[in-house]
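Accompanying notes for the structure given below.
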Amino acid sequence: MTAPPLEKSRRQLWLAALKPPMYSVAVVPIWVGTAIARWETGEVDWGTFTQFLTAAIAIVAWSNISNDVFDSETGIDRNKHHSLVNLTANKSLVFWIGNGCLLIGLGLILRIAYDQQDITVLALIGAACLLGYLYQGPPFRLGYQGLGEILCFFAYGPITLSAVYYSQTQSWSGVNLLASILLGWVTSLILYCSHFHQVEDDRKAGKRSPIVRLGTARGAQLLPGICGILFGLLLLFVLMGQFPVWTLLMGGSLPYAVKLCRFIGAHHHQPQLVQNCKFIAVALHFWSGLLLGLGFMLAAQPWESFGLA
């Protein structure tokens, strides 16, 4: 028995508003940072891993929810039917649910800091949250100045990965920093791709996203180079001896990069067709991160890595 059309449509709007695939941006850094810690130290604290993963999911939920609230204040989401604010018609409720998610996330990070008697992880995640607020939050709204991708790179790359690695080892790692460049790069790519379908709404709201500045055609032309840098850096780090050869498994995500470049290249000027292209970028992010982390785990002897030896 199928759902009535209106019920089905509303369910689809809620799924689009909640963005389940986007939570891979929370999961992947925890996996990669932990895998590198396992490769370099031979140990994993799975309790800390679980707490950090839960915290990351809650904080990403806050980021997504609060962005809907802040965008509703500028009018940029006027035509966005799957905005949580538009779906609920209750901006205050959505705002406080988002803040609740933030408190849960920071509370779990505080627990890690307390257990380790070290505030470093809390300070790093606090900095990442601050960048998340600067992106859309008033009075800053730096995303409207076209700085969103830069903020995203540091928040989800060097800052978060450093926090994850530190939570496992209470130390720093050059390899982890190099991996954070890859992860920050591909996470920023998701945001970059999310602009293609909303150029007119962004322009009317005064948002100078990279695609508004470049135009969709030029923005699409840059994609092969952006993806090429991602995989070129991976190969460089392996050749430098910084990454184990197993991390070349990340090359298995290359088909998603090809699909992304071809799809946007063909449809960049068609908002209705290109509106879900960011989910191809999400798939690239997920599989590249999963395979990168798996490469480090395999280099550290697979069965021992999962506590099975």
Query raised in the report: Short question: side chain of Trp246, backbone of Leu294 - any donor-acceptor pair under 3.5 Å?
Result: no
Report task. For residues Val282 and Ser24, report the shortest heavy-atom separation together with the two atoms involved. Result -> CG1-OG, 3.5 Å
Report task. Check Arg38 against Val44 and note the closest heavy-atom contact, atom names and distance. Result -> CB-CG2, 3.5 Å
Requested in this report: Kindly say whether Gly146 contributes a backbone atom to a donor-acceptor pair with the side chain of Arg208 at under 3.5 angstrom?
Outcome: no
Query raised in the report: Are Leu108 and Val25 co-members of a hydrophobic cluster defined by side-chain heavy atoms under 4.5 Å apart?
Result: no
Requested in this report: Report yes if the side chains of Val175 and Phe237 come closer than 4.5 Å at any heavy-atom pair, otherwise no.
Outcome: no
Query - Heavy-atom side-chain contact between Met22 and Val60 under 4.5 Å - result: no
**Report entry** Linked, directly or transitively: Ile280 and Leu273 (ILVMFWY side chains, under 4.5 Å)
**Finding:** no
Query raised in the report: So, Ser173 versus Asn176: side-chain donor-acceptor pair below 3.5 Å or not?
Result: no
Report task. Give a yes or no answer on whether the side chain of Ser180 reaches the backbone of Leu177 with a donor-acceptor pair at less than 3.5 Å. Result -> yes
Query raised in the report: Are side-chain N/O atoms of Thr41 and Gln168 paired as donor and acceptor at under 3.5 Å?
Result: no
Query raised in the report: Looking at OG of Ser194 and CZ of Phe279, how far apart are the two atoms once the value is rounded to the nearest 0.5 Å?
Result: 10.0 Å
Query raised in the report: Do Met250 and Leu230 pass the side chain to side chain contact (heavy atoms under 4.5 Å, CB included) test, and can you show the C-alpha distance, the side-chain angles, and the key distance before you say yes or no?
Result: CA-CA 10 Å; Met250 187 182 126; Leu230 175 68; 3.8 Å; yes
Query - Heavy-atom side-chain proximity of Trp62 to Ile104 below 4.5 angstrom - result: no
**Report entry** Sub-4.5 Å side-chain heavy-atom contact between His195 and Pro210
**Finding:** yes
Report summary line: One should read off an interatomic distance between Leu53 CG and Thr48 OG1, to the nearest 0.5 angstrom, of 12.0 Å
Requested in this report: Go through Ile190 and Tyr156 one step at a time and tell me if the side chain to side chain contact (heavy atoms under 4.5 Å, CB included) criterion holds.
Outcome: CA-CA 12 Å; Ile190 298 174; Tyr156 289 97; over 6 Å; no
Query - Contact summary for Asp202 and Val212, nearest pair of heavy atoms - result: CB-CG2, 3.7 Å
Query - Exam field: side chain Gln117 to backbone Tyr114, donor-acceptor pair closer than 3.5 Å - result: yes
Query raised in the report: Which word best sums up how the rings of Trp172 and Tyr166 line up, parallel for under 30°, tilted for 30 to 60°, or perpendicular for over 60°?
Result: tilted
Query raised in the report: Shared ILVMFWY cluster between Tyr165 and Ile119, side chains joined below 4.5 angstrom?
Result: no
Query raised in the report: What distance do Cys152 atom SG and Tyr192 atom OH have between them, rounded to the nearest 0.5 Å?
Result: 14.0 Å
Query raised in the report: Rounded to the nearest 0.5 Å, what separation is found between the CD atom of Gln242 and the CG atom of Leu233?
Result: 13.0 Å
Query raised in the report: Do any N or O atoms from the side chain of Thr34 and from the backbone of Trp31 form a donor-acceptor pair under 3.5 angstrom?
Result: no
Query - Nearest heavy atoms of Leu284 and Ser253, plus distance in Å - result: CD1-O, 3.5 Å
Requested in this report: State whether the number of non-hydrogen atoms from other residues, nucleotides or ligands found under 6.0 Å of Gln270 atom CD is greater than 12.
Outcome: yes
Query raised in the report: Is there a donor-acceptor pair closer than 3.5 Å between any side-chain N or O of Arg141 and the backbone N or O of Gln136?
Result: yes
Query raised in the report: Should Leu103 and Ile112 be counted in the same cluster of Ile, Leu, Val, Met, Phe, Trp and Tyr side chains packed under 4.5 Å apart?
Result: no
Query raised in the report: Does the side chain of Tyr135 come within less than 4.5 Å of Leu191's, by heavy atoms?
Result: yes
Query raised in the report: Going by heavy atoms in the side chains, are Trp287 and Leu290 under 4.5 Å from each other?
Result: yes
Query raised in the report: Do His197 and Cys277 touch side chain to side chain, with heavy atoms closer than 4.5 Å?
Result: no
Report task. Before giving the answer on side chain to side chain contact (heavy atoms under 4.5 Å, CB included), spell out for Ser167 and Phe49 the whole-Å C-alpha distance, their side-chain angles and the decisive distance to 0.1 Å. Result -> CA-CA 8 Å; Ser167 73; Phe49 171 86; over 6 Å; no
Report task. Verify ring pair (Phe, Tyr, Trp, His ring centres under 6.0 Å) between Phe263 and Tyr256, making sure each step is shown before the conclusion. Result -> CA-CA 10 Å; Phe263 184 81; Tyr256 289 100; over 10 Å; no
Query - Set of residues satisfying ring pair (Phe, Tyr, Trp, His ring centres under 6.0 Å) with respect to Trp39, sequence neighbours excluded - result: Phe296
Query - Minimum-distance pair of heavy atoms, taken over all atoms of Cys193 and Ile264 - result: SG-CD1, 3.8 Å
**Report entry** Heavy atoms from other residues, nucleotides or ligands near CZ of Arg203 exceed 12 (cutoff 6.0 Å)
**Finding:** yes
Query - Which atom of Gly265 lies closest to which atom of Ala220, heavy atoms considered - result: CA-CB, 4.2 Å
Query - Distance (rounded to the nearest 0.5 Å) between Ile30 CD1 and Thr160 OG1 - result: 7.0 Å
Report summary line: Separation between CZ (Phe154) and CD1 (Ile159), nearest 0.5 Å, reads 8.0 Å
Query - By ring pair (Phe, Tyr, Trp, His ring centres under 6.0 Å) - contacts of Phe286 (at least two apart) - result: none
Query raised in the report: With side chains defined as the heavy atoms from C-beta onward, is the minimum distance between Leu292 and Leu234 less than 4.5 Å?
Result: yes
Query raised in the report: Does atom CZ of Arg213 have more than 12 heavy-atom neighbours from other groups under 6.0 Å away?
Result: yes
**Report entry** Worked verdict on Leu189 versus Leu223 for side chain to side chain contact (heavy atoms under 4.5 Å, CB included)
**Finding:** CA-CA 9 Å; Leu189 179 61; Leu223 272 175; 3.5 Å; yes
